[in-house]
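Counting convention: from 1, in listed order, for ligands and their atoms alike. Model, not experiment: these values are computed from the prediction. Numbers here are sequence positions counted from 1.
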Amino acid sequence: MNPLPRNPAPAPDFAELYGRAPEGEWAAPGRVNLIGEHTDYNLGFVLPIALPQTVRVEAARRDDGLLRVWSAQGRGPVAELRVADLVPGSVPDWTAYPAGVVWALREAGHEVGGADLRLDSDVPSGAGLSSSAALECAVATAYADLHGLGLAASDLALLAQRAENAFVGVPCGIMDQMASMCCRPGAALFLDSRDLSTRQVPVDLAGAGLALLVLDTRVKHDLGDGAYAALRAGCERAAELLGLPALRSLQPVGLAAALAGLPAELAPLVRHVVTENARVEAAVAHLDAGRLAALGPILTAGHASLRDDFRISCPETDLAVDAAVAAGALGARMTGGGFGGSVIALVDAAEAERIAAEVTAAFRSAGYAEPRTLTAVPAEGARRLR
Ligand code: ADP
Ligand code: MG
């Protein structure tokens with residue numbers, strides 16, 4: 001998203017936009033995934049934490065069938081859509097995310113109508129930190145509350161994913177929406193994407209003297225859009241050739257035999273997914289045993305797998321990982337869908353500032369724009385604020 005103007009005029013509040021007060025305000029967080037990349041749509045394991053950064057939505061119902069939306073990050077005029085006219089492909093811009101949620105709710109049989117929505121966010125957009133799921137989950141939670149739908153968090157995550165898959169047209173897995181809906185403060189969400197069962201795994205970074213840096217490289221290579229769908233199709237094709245319902249069903253012990261029978265272009269995809277699921281399970285075992293530092297090598301091995309087998313890294317994310325590890329990080333990896341976005345680095349808390357500065361210096365030397373640095377603290381999932 002374009003940077004905001006240097007001295008932006010104060011943003012209009014809900015009353016200035018819509019001439020009345022909102023009925024409430026809801027928030028849903030962005031996320032970083034500790035480990036388990038491109039495993040969700042293969043029905044495997046993921047281990048995300050929610051970020052303190054959220055998308056917030058103030059909302060009030062309307063009874064005339066209109067959905068009106070405004071975002072402090074877009075700063076355009078109020079967009080107005082007719083709920084009854086919403087069909088996939090009908091909404092070309094960012095308003096497809098909130099409109100898609102309303103569409104998905106109605107498709108699922110919930111008799112919800114229009115609303116006035118005012119969005120604001122501090123989740124960097126397009127940075128691999130899942131601003132899109134945060135936006136969907138904030139709107140889904142607001143609608144569910146306002147209409148008393150009584151839906152479980154995982155049902156809302158599925159509806160938000162359906163909005164992104166079918167209405168926006170992005171074939172993402174379920175991790176981002178489950179993370180935004182279900183994460184808890186101080187914990188990572190161990191999610192089994194096959195049955196959506198979850199376990200909160202305590203992650204006390206500060207207690208272990210550690211910190212998790214998020215280095216947003218600020219690059220997003222266009223290649224990403226079509227490539228994601230192609231990778232997903234490749235994984236599904238491999239599972240079919242192996243006679244499995246999904247790659248999740250392949251255990252490490254059967255990997256070598258499976259790889260031998262696969263076309264050369266599919267074998268590395270399978271190797272990534274199988275080894276990545278094993279890395280999630282290993283990471284959870286270390287967390288359960290209070291061995292947080294042992295996550296470091298798992299992160300770095302995960303990055304090598306994304307770079308060499310899944311081939312979705314890029315020079316900027318490789319540099320951020322290499323520079324962080326060279327500067328003394330315990331481990332680092334790209335997080336998110338790939339082709340840019342953010343890198344996470346597990347570091348000694350006392351070294352965090354120096355390591356971030358060394359990554360920044362490496363970017364400067366390479367002629368890249370400076371990364372934006374955040375510190376991730378496992379935060380709360382979607383909730384009502386007032
Ligand atoms: P990510 O989810 O990693 O941030 P995506 O490309 O999936 O990246 O989603 C980014 C898109 O989500 C933006 O291009 C925009 O359409 C929408 N979006 C995210 N945050 C906001 C916001 N605060 N206001 C309006 N649209 C937003
Ligand atoms: Mg997204």
#### Entry: Enumerated ligand 1 atoms positioned under 4.0 Å from heavy atoms of G128
3 (O)
### Query
Would H303 and R333 count as having a side-chain donor-acceptor pair, cut-off 3.5 Å?
no
### Over 12 foreign heavy atoms within 6.0 Å of CZ, R372
yes
### Task
For ring pair (Phe, Tyr, Trp, His ring centres under 6.0 Å), just list the numbers for Y228 and H38, CA-CA rounded to whole Å, side-chain angles, deciding distance to a tenth of an Å, and then say yes or no.
CA-CA 9 Å; Y228 187 96; H38 288 263; 5.2 Å; yes
Per-pair distances, 0.1 Å, donor-acceptor, side chain in residues 156-163, under 3.5 Å, sequence neighbours excluded:
from: Q161; atom 1: NE2; to: C172; atom 2: O; distance (Å): 3.2
from: Q161; atom 1: NE2; to: G173; atom 2: O; distance (Å): 3.3
from: R162; atom 1: NH2; to: E107; atom 2: OE1; distance (Å): 3.0

### Query
Does ligand 1 have an atom under 4.0 Å from some heavy atom of L135?
yes
### Message
Do the side chains of R61 and E23 get close enough for a salt bridge, i.e. N-O under 4.0 angstrom?
### Response
yes
### Task
Could you list the atoms of ligand 1 found under 4.0 angstrom from a heavy atom of S130?
1 (P), 2 (O), 3 (O), 4 (O)
### Task
Select one of side chain, backbone, both or neither to describe which atoms of S131 lie under 4.0 Å from any atom of ligand 1, heavy atoms only.
both
### Task
Mind checking how many protein N/O/S atoms fall short of 2.8 Å from the Mg ion (ligand 2)?
1
### Message
So is L129 touching ligand 1 or not, going by heavy atoms under 4.0 Å?
### Response
yes
### Query
Any N or O on D120 sitting closer than 3.5 Å to an N or O of ligand 1?
no
### Task
Inspect the contact between R62 and D64 and indicate whether a charged nitrogen and a carboxylate oxygen are less than 4.0 angstrom apart.
yes
### Task
Identify whether the distance between the nearest side-chain nitrogen and carboxylate oxygen of R218 and E370 falls below 4.0 Å.
no
### Query
Just checking, any donor-acceptor pair under 3.5 angstrom between side chains of R118 and S71?
no
### Message
What I want to find out is whether D192 reaches R199 closely enough, with some N-O distance under 4.0 Å, to be called a salt bridge.
### Response
no
### Query
Which is closest to atom 13 (C) of ligand 1 by heavy-atom distance: S71, S125, G74?
S125
